[in-house]
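All ligand and atom numbering here is 1-based and tracks the order in the structure.
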Amino acid sequence: MWSMTTLRNTEQRYGTVAIALHWLMALLLIALIVLGLYMSRLPDVGFDKNKILLVLYHKEYGMLALGLAVVRLAWRVGNVLPALVEELPDWQQVAARFVHLCFYGFMFALPISGWLMSSAAGIPVYVFGVRLPDLIAHNEYRFQQLIEIHKWLGYALIGFIVLHAGAALRHHFLSRDNTLKKMLPGTHT
Ligand code: HEM
Ligand code: HEM
């Protein structure tokens with residue numbers, strides 16, 4: 001059985017809930033990026049059925065990511081934040097926390113820009129069959145602007161993931177410290 005001590009974060013490591021949310025969302029965001037890049041490059045000619053279906057999935061799972069981001073932010077605010085490994089130079093501490101903070105920004109900005117984009121295009125967003133309200137009025141110019149914003153947020157997220165995962169792997173395999181173990185289930189240190 002999970003006890004509260006393993007569910008919640010401690011000063012030393014992330015708890016089960018934070019770990020589950022971290023890896024679930026890492027998978028989901030990477031899948032959404034791959035799907036987004038792929039589907040947006042499919043030809044529009046005749047607007048083939050396949051493309052419409054993929055965009056629908058992207059929107060639905062993108063909105064799921066928004067829901068998970070709300071839960072995750074609430075959990076983060078209500079938990080202690082495990083310390084970074086000791087003896088990290090100041091600039092790396094600032095960089096690590098800055099990247100984590102930016103990820104929270106991305107987790108909200110990407111789905112919300114996607115939702116705004118759909119509203120501007122005059123296409124409703126559905127989550128599990130429920131129609132969500134349009135955030136802004138139909139406007140072709142805004143639609144084009146929001147595609148650009150959503151796209152560049154996506155590209156920036158890719159860059160941050162490469163940095164973040166690279167740093168985590170470097171800590172694990174080169175510095176051989178606890179950075180990655182803190183975020184893995186079952187490895188109590
Ligand atoms: C965390 C969630 C999301 C991520 C990481 C994400 C990522 C991406 C990426 C990387 C692209 C490709 C951009 C390009 O190269 O042109 C894309 C396209 C797109 N996304 Fe998202 N997205 C997310 C959520 C959403 C949501 C919630 C919606 C709508 C409700 C949405 C609607 C779209 C649409 C319509 C496109 C195609 C735009 C075009 O025609 O070029 N996305 N997304
Ligand atoms: C794909 C490979 C990834 C690896 C190997 C990885 C690894 C890690 C590790 C080791 C930590 C703990 C750092 C510490 O506190 O010392 C961490 C924290 C964190 N990671 Fe990742 N991560 C990955 C992907 C992602 C993605 C895609 C996101 C995007 C949301 C993300 C967001 C975060 C956040 C926000 C934290 C801070 C703790 C929290 O608030 O949950 N990670 N990651």
Please work out whether any backbone atom (N, CA, C, O) or any side-chain heavy atom from C-beta onward of [X] is under 4.0 Å from ligand 2, and answer side chain, backbone, both or neither.
X      : answer
Ile161 : side chain
Tyr14  : side chain
Trp23  : side chain
His164 : side chain
Lys182 : side chain

Exercise. Aromatic rings Phe160 and Phe98: how do their planes relate, parallel, tilted or perpendicular, breaks at 30° and 60°?
Worked result: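 The arrangement is tilted - the two ring planes meet at 30° to 60°.
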
Can you find an N or O of [X] that's nearer than 3.5 Å to an N or O of ligand 2?
X      : answer
Arg76  : yes
His100 : no
Thr179 : no

With a cut-off of 4.0 Å, which atoms of ligand 1 are near a heavy atom of [X]?
X      : answer
Leu37  : 12 (C), 15 (O)
Leu29  : 1 (C)
Met63  : 27 (C)
Gly62  : 24 (C), 27 (C)
Ser118 : 29 (C), 30 (C)

Problem set entry | Side chains of Gln144 and Glu140, donor plus acceptor under 3.5 Å |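 Short answer, yes.
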
Problem set entry | Non-hydrogen atom of Met107 closer than 4.0 Å to ligand 1 | no

Exercise. Strictly under 4.0 Å, does any heavy atom of Tyr155 approach an atom of ligand 1?
Worked result: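 Judged by the 4.0 Å heavy-atom criterion, Tyr155 does count as contacting ligand 1.
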
Problem set entry | Backbone of Pro133 reached by a side-chain donor or acceptor of Trp115 within 3.5 Å | yes

Out of [options], who is nearest to [atom] when you count heavy atoms only?
atom                    : options                : value
atom 26 (C) of ligand 1 : Ala121, Gly154, Gly114 : Gly114
atom 29 (C) of ligand 2 : Phe106, Phe160, Phe103 : Phe103
atom 4 (C) of ligand 1  : Leu157, Leu110, Ile158 : Leu110

Exercise. Does a side-chain heavy-atom distance below 4.5 Å link Tyr104 with Met107?
Worked result: yes

For this session: Check whether any side-chain heavy atom of Thr179 lies under 4.5 Å from a side-chain heavy atom of His172, and answer yes or no.
Result: no

Problem set entry | atom 34 (C) of ligand 1 - nearest protein heavy atom and its distance | Met117 SD, 3.7 Å

Exercise. With ring centroids as reference points, do Tyr14 and His22 lie under 6.0 angstrom apart?
Worked result: no

Problem set entry | Polar contact flag for Lys151 and ligand 1 (N/O pairs, less than 3.5 Å) |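 N/O-N/O distance under 3.5 Å: no.
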
For this session: Could you tell me whether some N/O pair between Trp115 and ligand 1 is separated by less than 3.5 angstrom?
Result: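 No, there is no polar N/O contact under 3.5 Å.
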
Exercise. Angle subtended at atom 21 (Fe) of ligand 1 by NE2 of His58 and NE2 of His150, to 10 degrees?
Worked result: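 Roughly 170°, rounded to 10°.
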
